[in-house]
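The chain is numbered in sequence order, starting from 1. In this text, all values refer to a predicted model and were calculated from it rather than measured experimentally. Below, each value reflects all heavy atoms present in this structure, side chains not excepted, and no hydrogens, waters or symmetry copies.
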Amino acid sequence: MSTKRQLVQQLAVVAGFESPTAELEQYPTPPELAAHLIHVADLQDDIEDQTVVDLGTGTGMLALGAALRGPRRVVGVDVDRGALTTARENERRVGTTAEIGWVQADATRAPLSVDDATVVMNPPFGAQDGNEHADRAFLETARDVASVSYSIHNEGSKEFVEAFADDEGGEVTHAFRAELDLDRQFEFHEDERRTVDAEAFRIEWE
């Protein structure tokens, strides 16, 4: 098994969005954060020989991180065809031999026939007007298809995530702080680069 540092290096070649959409909150997951989340999942035996589903995969960062840790198969789901095209190119860049399926679909209505997967996801935070609570819909999908899920949320989401899990038969077993270093990519961004504080959670589902 590669170390977390090696995983960061392997994921550094993953290209981001060519034409990101603000409404979909298409921000890249930094390699360091992706590697940390996947490393934690692997230490919990949630990756190797498992079916891993990346909801809202974008250009494939989390899916490809999981693919490098010996899963049975990986499925990346995203509504954006262009992002999935980049994800396929990233698959070739990373050079993983794992079985990966890229599915164009709404991740909140994912056409998946699994119920014991490991879900990894960096869902929209719901920061855009009209997109509030977007991460809740992603958690609902995770509840339906996962035995365990890992998700990244805006800072201050712990109470919401724990309450949702409790109401839906899940349990938050791990929580840790995270940071997303984001380059300026939309006109409304004032800074060339900014750091967004976030939180990540592991949830076991009944």
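Note that the NE2 atom of H39 and the CG atom of D42 stand 7.5 Å from one another [nearest 0.5 Å]. The CH2 atom of W205 sits 6.5 Å away from atom CD of E168, with the distance rounded to the nearest 0.5 Å. Taken to the nearest 0.5 Å, the CE atom of M61 stands 5.5 Å off from the CG atom of L11. In this structure, CD1 on I203 lies 11.5 Å from CZ on R143, to the nearest 0.5 angstrom.
The ring pair (Phe, Tyr, Trp, His ring centres under 6.0 Å) search around F160 returns none, not counting sequence neighbours. Looking at residues two or more places apart in sequence or on another chain, you find a side chain to side chain donor-acceptor pair (under 3.5 Å) between R72 and T51.
Contacts classified as salt bridge (Lys or Arg N to Asp or Glu O under 4.0 Å) and involving residues 43-56 (residues at least two apart or in different chains) are given here: D46-R202.
Minimum interatomic distance between A107 and F138 (heavy atoms only, all atoms of both residues): CB-CE2, 3.5 Å.
Checking side-chain atoms of D78 against main-chain N and O of G58 turns up a donor-acceptor pair under 3.5 Å. Checking side-chain atoms of E199 against main-chain N and O of K158 turns up a donor-acceptor pair under 3.5 Å. Judged by distance alone, the side chain of T59 and the main-chain N or O of T86 form no donor-acceptor pair under 3.5 Å.
Residue-environment remark: CZ (R73) stays at or below the threshold of 12 foreign heavy atoms within 6.0 Å.
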